[in-house]
Amino acid sequence: MIPVPGYEGRRVAVFGLGRSGITAARALLAGGAIPILWDDSVSGRMQAQAEGFEVEDLTAADWRGFAALVLSPGAPLTHPKPHWTVDRAHDAGVPVIGDVELFARALAVLSPDQRPRVVAVTGTNGKSTTTALIGWVLKQAGLTVHVGGNIGIGVLALPEPTPDAVYVIEVSSYQLDLTASFAPDVAILTNVSPDHLDRHGGMEGYVAAKRRIFAAQGPDAVALVGVDETWGQGVFEALRALGRNAVSISTDPSAARQEGYAARAGAVLKDGEVIADLSAARSLPGRHNAQNAAFAYAAARALGVSHEAAVEGLLTFPGLAHRMEAVGHIGPVRFINDSKATNADAARQALSSYPSVFWIAGGVPKAGGIADLADLFPRVTKAYLIGEAADAFAVTLGSTPHVVPKTLDAAVTAAAVDAHEAFLASGVEQIVLLSPACASFDQYPDFEARGEAFRAAVLNLGAAPEATA
């Protein structure tokens, strides 16, 4: 755990007692603060009380006595409207912050020779794979590495800082909205496409939240920016105009800046030359994973890792659970778990990586559904539609073969049968792909639970399991 200083003997309100909230309370307490906890759910309050925390109904509290409000990233800061705790805090002049800001403040009090280095990753898609990949590459190079944030362990639950350590942190747009002093040594924006627009008041607000990852960086820090979309290009150009050390990373080798990196399926390039051949990297298929590899390579090199060690780390990466994860096979039929693809752009990456798939999709749809994937429908041998989006997706698919089994178990069973028949007819290995292009909340609490349900359904059919990351 990372104790948070600066609030010794002062009351700090903590609202939202999920992973980040309860961890923030522990870190504040370890730093000498008096955290006052509240949650809308009885179970969250009971957990806090069981740990000995002071639980107080914040609707009736005197907010003038609080030094800060630590807000769960799940509670809205501005849109569709501010959470009631935010209104109370603003009325009392109390700053509203999040766990990443507390992490930043814990590091800021350290002397330069005691301060660890920080790599931070955000973006609409690819941030979890990029975060895990950077952590893997740095560990294989012999560095002391702690990976967490929006992936896995909450940032304040990571080990205490040591001078030799590198923190690799995934940060969401919600977390970035709640920080002002977070200053990573290497900050990465993988890409930007419409997502969470209701929480940011539209695309401009969403992009502004993502840009905050670069806002407090010092002059020696590195900014790595994906420039395949207009929004990413705008962020890159704005950083360069400010004289910042910004490096572009593109999946279009002909468009990459001279000082930047490019990626194509199976390779990372710089100045038009291949610097990392990824053809042997089984866990990095497709152009989008090559771009993730380019981010990881550039981050590792910025931290002093040798070219040889960085490339070796890329080639040995075992993959990330729920992101194009091979979970098992029944003879020549392979089952790929891409449950983390919660929007169409993320599903595009997986669909683009295989010549043909038996596609399981659906859940709670995002704006636009899967209409933007129409150019990839010819790769869909057959689709199996589940959840709330099933009927709407069926309309969008049109003449593309599809069925509506509604549940994931039924979809896996039907897809396995059809894929086996396709192999018998063609002699070619077949892919059953779960890449929902939807949130999971109609049937599962999160994408991880959905991915594990897919894994269980596959193994229940008698599939031979494959190693997971």
Side-chain angles (χ1 to χ4, degrees), residues 1-39 44 47-49 51-56 58 61 63 65-75 77 85-86 89 92-120 144 146-163 165-172 174-185 212-213 215-217:
M1 172 168 299
I2 302 174
V4 176
Y7 296 102
E8 291 82 353
R10 305 170 73 190
R11 287 162 58 92
V12 177
V14 179
F15 179 84
L17 303 180
R19 179 180 65 187
S20 65
I22 199 71
T23 302
R26 294 168 184 152
L28 285 163
L29 184 65
I34 305 170
I36 308 299
L37 280 57
W38 188 248
D39 194 283
Q47 178 187 352
Q49 288 175 325
E51 287 198 34
F53 285 111
E54 185 174 345
V55 175
E56 181 178 332
L58 292 180
W63 282 79
F66 291 129
L69 165 64
V70 178
L71 185 68
S72 164
L77 178 65
T85 55
V86 175
V94 173
V96 182
I97 58 177
D99 61 336
V100 172
E101 177 64 16
L102 293 177
F103 171 76
R105 296 184 184 192
L107 298 192
V109 301
L110 301 174
S111 62
D113 62 325
Q114 293 297 310
R115 195 172 301 158
R117 292 176 292 177
V118 177
V119 179
T144 301
H146 309 305
V147 179
N150 198 49
I151 177 177
I153 301 173
V155 62
L156 292 170
L158 295 171
E160 289 192 51
T162 55
V166 180
Y167 290 93
V168 184
I169 309 298
E170 178 186 324
V171 285
S172 70
Y174 301 164
Q175 290 173 309
L176 288 168
D177 256 346
L178 293 166
T179 184
S181 64
F182 184 48
D185 299 279
R212 292 174 71 91
I213 196 170
Q217 281 190 295

**Student:** Report the C-alpha distance between Arg26 and Leu156 in whole Å, list the side-chain angles of each, state the deciding distance to 0.1 Å, and finish with yes or no for side chain to side chain contact (heavy atoms under 4.5 Å, CB included).
**Tutor:** CA-CA 9 Å; Arg26 294 168 184 152; Leu156 292 170; over 6 Å; no
**Student:** Taking the side chain as C-beta and beyond, is there a heavy-atom pair between Val166 and Arg117 under 4.5 Å?
**Tutor:**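 Yes - at least one pair of side-chain heavy atoms lies under 4.5 Å apart.
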**Student:** Are the side chains of Val4 and Val12 in touch, meaning some heavy atoms are under 4.5 Å apart?
**Tutor:**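 A side-chain contact is absent here, since even the closest heavy-atom pair is not under 4.5 Å.
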**Student:** Shortest non-hydrogen contact from Ala48 to Leu17?
**Tutor:**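 So the two residues come closest at CB-CD1, 3.8 Å.
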**Student:** For the residue pair Ala89 and Val96, what are the closest heavy atoms and their distance?
**Tutor:**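 Closest approach of Ala89 to Val96, heavy atoms only: CB-CG2, 3.7 Å.
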**Student:** Is there a side-chain contact between Val100 and Leu178 in this structure, where contact means two heavy atoms from C-beta onward sitting under 4.5 Å apart?
**Tutor:**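 With C-beta onward as the side chain, the pair stays apart.
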**Student:** Measure the spacing between CD1 of Ile2 and CG of Leu102 and express it to the nearest 0.5 Å.
**Tutor:**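 Answer for the CD1-CG pair, Ile2 versus Leu102, is 10.5 Å.
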**Student:** How about CD1 on Ile153, more than 12 heavy atoms from neighbouring residues, nucleotides or ligands closer than 6.0 Å, or not?
**Tutor:**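 Not more than 12 within 6.0 Å, no.
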**Student:** Angle between ring planes, Phe103 versus Tyr167, binned at 30° and 60°: parallel, tilted or perpendicular?
**Tutor:**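 Perpendicular.
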**Student:** Hey, does Thr23 have a side-chain heavy atom less than 4.5 Å from the side chain of Val155?
**Tutor:**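 Counting from C-beta outward, Val155 and Thr23 never come under 4.5 Å.
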**Student:** Enter the distance from Leu58:CG to Ile36:CD1 here, rounded to the nearest 0.5 Å.
**Tutor:**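 Between Leu58 CG and Ile36 CD1, I get 8.5 Å after rounding to 0.5 Å.
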**Student:** Could you grab the distance from atom CD of Glu160 to atom NE2 of His146, nearest 0.5 Å is fine?
**Tutor:**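 Result: 10.0 Å between the selected atoms.
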**Student:** Are side-chain heavy atoms of Asp113 and Pro163 found at a separation under 4.5 Å?
**Tutor:**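 No. Closest side-chain heavy atoms not under 4.5 Å.
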**Student:** A side-chain contact here means heavy atoms from C-beta on lying under 4.5 Å apart; do Leu77 and Tyr174 qualify?
**Tutor:**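 The answer is no, as the side chains (C-beta and beyond) never meet within the 4.5 Å cut-off.
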**Student:** To the nearest 0.5 Å, what is the distance between CG on Leu29 and CD1 on Ile34?
**Tutor:**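 Atom-to-atom, Leu29:CG and Ile34:CD1 are 9.5 Å apart.
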